Novice: 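Before I ask anything, let me first share the structure, which is written out below as structure tokens.
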Amino acid sequence: MTPPLVFLHGWAQSRQIWYQQQRAFPQAHFLNLPGHGGAMDAPADAWLDLLVAQLPDEPCALIGWSLGGMLALEIAHRFPDRIAALALIATTPRFRTDDAWSCGCDEATFAAFHEAVASASPRALNRFFALMLHGDDLPRSRYNELARHAVDRQCPATSSALSAGLALLASLDLRQSLALADLPVLLMHGEQDAIVPVAAGRWLAEQLPGAQAHYADACGHAPFLSQPERFNTILKEWWQQ
């Protein structure tokens, strides 16, 4: 029997960004991070417990994208009995670069995230959405369609949630907590990811030799969004194994 699927989105988005997976996996659970998509705000140190409280009673297959992938890794580390399998999309164990980690987001991009929050400008977050799809070979009409359907403009992330998410991106370092035992792991990463370099995904694959890894050509930070047929097929086959 396949475990229930649970999807965790990334920073500044909502569960709406999975709209093409909601059609493909109608029985799955799609969670909003605190303060995103109309969910109640919470301080950063409460996010993990709030998310775990929403998981199914039986062990689930947890699918996390970007910040959601980092949180999924932390949940699997701290609550292993709740997780049957883990799919990590455009995920890194550490978001920012440092002297011992060259696979992180560059400082200019991270500073731009802070500027977007400080300005409280929808235009700034629109630029972040464009950066997510940087590297995808999309016609303008397809880009506009994705932006129209994937972004929750009725319930945007609150400024406090954006700040809390940035604090987590800045502080989480999961490089020493990757002992996932025999947990089945799926890794998916766009080769042209401008936010989380594909080198981070390849590093995870080296640390998790039993993982099934897929790298998408001509694809940026959101392969499930820009290449949904391929993504859904890979995820469904892995989930049903």
Side-chain angles (χ1 to χ4, degrees), residues 3-22 24-25 28-37 39 44 47-56 59-80 82-95 103-105 132 150 157 161 164-166 168-169 171-175 177-178 180 183-190 193 195-198 200-201 203-205 207-208 211-216 220-225 228 231-232 234-236 238-239:
L5 287 172
V6 179
F7 289 75
L8 291 180
H9 65 82
W11 182 79
Q13 303 306 311
S14 76
R15 64 186 177 190
Q16 188 167 316
I17 203 161
W18 301 108
Y19 77 97
Q20 296 170 110
Q21 286 68 52
Q22 290 169 5
F25 303 96
H29 305 262
F30 295 86
L31 306 185
N32 278 317
L33 300 182
H36 294 68
W47 280 28
L48 214 64
D49 288 333
L50 287 172
L51 292 171
V52 170
Q54 298 176 67
L55 296 180
C60 67
L62 187 57
I63 297 94
W65 166 56
S66 196
L67 173 57
M70 298 180 76
L71 293 169
L73 269 173
E74 184 72 346
I75 289 170
H77 173 63
R78 289 179 49 186
F79 303 92
R82 306 298 300 274
I83 307 302
L86 201 60
L88 304 172
I89 319 304
T91 296
T92 177
R94 177 168 170 77
F95 191 74
C103 304
C105 174
M132 282 167 32
L166 285 181
L168 288 169
L169 287 172
S171 63
L172 283 174
D173 188 345
L174 309 171
R175 288 173 289 178
S177 58
L178 290 177
L180 300 177
L183 198 67
V185 178
L186 172 67
L187 301 172
M188 297 183 69
H189 216 115
D193 194 328
I195 296 174
V196 175
V198 68
W203 186 91
L204 280 174
Q207 306 305 309
L208 302 168
Q212 183 182 135
H214 296 267
Y215 305 98
H221 189 55
F224 62 91
L225 187 60
F231 176 89
N232 291 347
I234 290 172
L235 180 60
K236 187 169 291 186
W238 169 80
W239 174 50

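One-based numbering along the sequence shown. Just so you know, these numbers use all the heavy atoms, side chains as well, and skip hydrogens, waters and symmetry mates. Worth saying up front: this structure is predicted, and the values here are computed from it rather than measured.
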Novice: Using a 3.5 Å cut-off and no angle test, enumerate the donor-acceptor pairs between side-chain atoms of residues 63-78 and protein atoms at least two apart in sequence or in another chain.
Specialist:
residue	atom	partner	partner atom	Å
Trp65	NE1	His221	O	2.8
Ser66	OG	His221	NE2	2.9

Novice: Between atom CZ of Arg94 and atom OG of Ser171, what is the distance when rounded to the nearest 0.5 Å?
Specialist: 8.5 Å

Novice: To the nearest 0.5 Å, tell me how far Gln20 CD sits from Ile17 CD1.
Specialist: 10.0 Å

Novice: Taking ring-ring contact (aromatic ring centres under 6.0 Å, His included) as the definition, give me every residue that meets it alongside Trp238, ordered by chain and number, with sequence neighbours left out.
Specialist: none

Novice: Carefully, step by step, assess His214 and Leu186 under the rule side-chain contact (heavy atoms from CB on, under 4.5 Å).
Specialist: CA-CA 8 Å; His214 296 267; Leu186 172 67; 3.6 Å; yes

Novice: Using only atom types and a distance under 3.5 Å, with no angle test, would you say the side chain of Asn32 pairs donor to acceptor with the backbone of Ala39?
Specialist: no

Novice: Please round to the nearest 0.5 Å and tell me the distance separating atom OG1 of Thr91 and atom CG of Leu8.
Specialist: 10.0 Å

Novice: Identify the two heavy atoms, one from Pro59 and one from Pro3, that lie closest to each other, and give their separation to 0.1 Å.
Specialist: O-CB, 3.6 Å

Novice: Please confirm whether the backbone N or O of Val196 pairs with a side-chain atom of His189, one donor and one acceptor, at under 3.5 Å?
Specialist: yes

Novice: Just how far is it from atom CG of Leu88 to atom CG of Leu208, taken to the nearest 0.5 Å?
Specialist: 7.5 Å

Novice: Any idea how Phe25 and Phe7 line up, ring-wise: parallel (<30°), tilted (30 to 60°), or perpendicular (>60°)?
Specialist: tilted

Novice: Of the non-hydrogen atoms in Arg15 and His9, which two are nearest, and what is the gap between them?
Specialist: N-CD2, 3.4 Å

Novice: If you measure from CD on Gln207 to CG on Leu178, what distance do you get to the nearest 0.5 Å?
Specialist: 6.5 Å

Novice: For Pro34 and Ala161, which heavy atoms make the closest approach, and how far apart are they?
Specialist: O-CB, 3.5 Å

Novice: Under the side chain to side chain donor-acceptor pair (under 3.5 Å) rule, collect the residues that match up with His29, sequence neighbours excluded.
Specialist: none

Novice: About how many Å separate CG of Leu187 and CD1 of Ile234, when rounded to the nearest 0.5 Å?
Specialist: 11.5 Å

Novice: Is there side-chain contact between Tyr215 and Asp193, with at least one heavy-atom pair below 4.5 Å?
Specialist: no

Novice: With side-chain contact (heavy atoms from CB on, under 4.5 Å) as the criterion, how do Ile89 and Phe231 come out once you've worked through the C-alpha distance, each side chain's angles and the decisive distance to 0.1 Å?
Specialist: CA-CA 10 Å; Ile89 319 304; Phe231 176 89; 3.6 Å; yes

Novice: How about Val6 and Leu51: do any of their side-chain heavy atoms sit closer than 4.5 Å?
Specialist: no

Novice: What pairs with Tyr19 under ring-ring contact (aromatic ring centres under 6.0 Å, His included), at least two apart in sequence or on another chain?
Specialist: His149

Novice: Looking only at non-hydrogen atoms, find the nearest pair between Pro93 and Trp203 and report the distance.
Specialist: CG-CZ3, 3.6 Å

Novice: Who are the side chain to side chain contact (heavy atoms under 4.5 Å, CB included) partners of Pro80, not counting sequence neighbours?
Specialist: none

Novice: Please tell me if the side chains of Gln21 and Phe30 come closer than 4.5 Å, counting only heavy atoms from C-beta onward.
Specialist: yes

Novice: Specify the closest pair of heavy atoms between Ala157 and Ala12, including all atoms of both residues, with the distance to one decimal.
Specialist: CB-CA, 4.4 Å

Novice: Is the distance between the ring centroids of His36 and Trp47 less than 6.0 Å?
Specialist: yes

Novice: For Phe95 and Leu168, run side-chain contact (heavy atoms from CB on, under 4.5 Å): C-alpha distance rounded to whole Å, both residues' side-chain angles, the deciding distance at 0.1 Å, then the answer.
Specialist: CA-CA 9 Å; Phe95 191 74; Leu168 288 169; over 6 Å; no

Novice: Heavy-atom distance under 4.5 Å between the side chains of Thr92 and Cys103, does that happen here?
Specialist: no

Novice: In chain order, what residues pass the side chain to side chain donor-acceptor pair (under 3.5 Å) check against Arg82, with sequence neighbours excluded?
Specialist: none

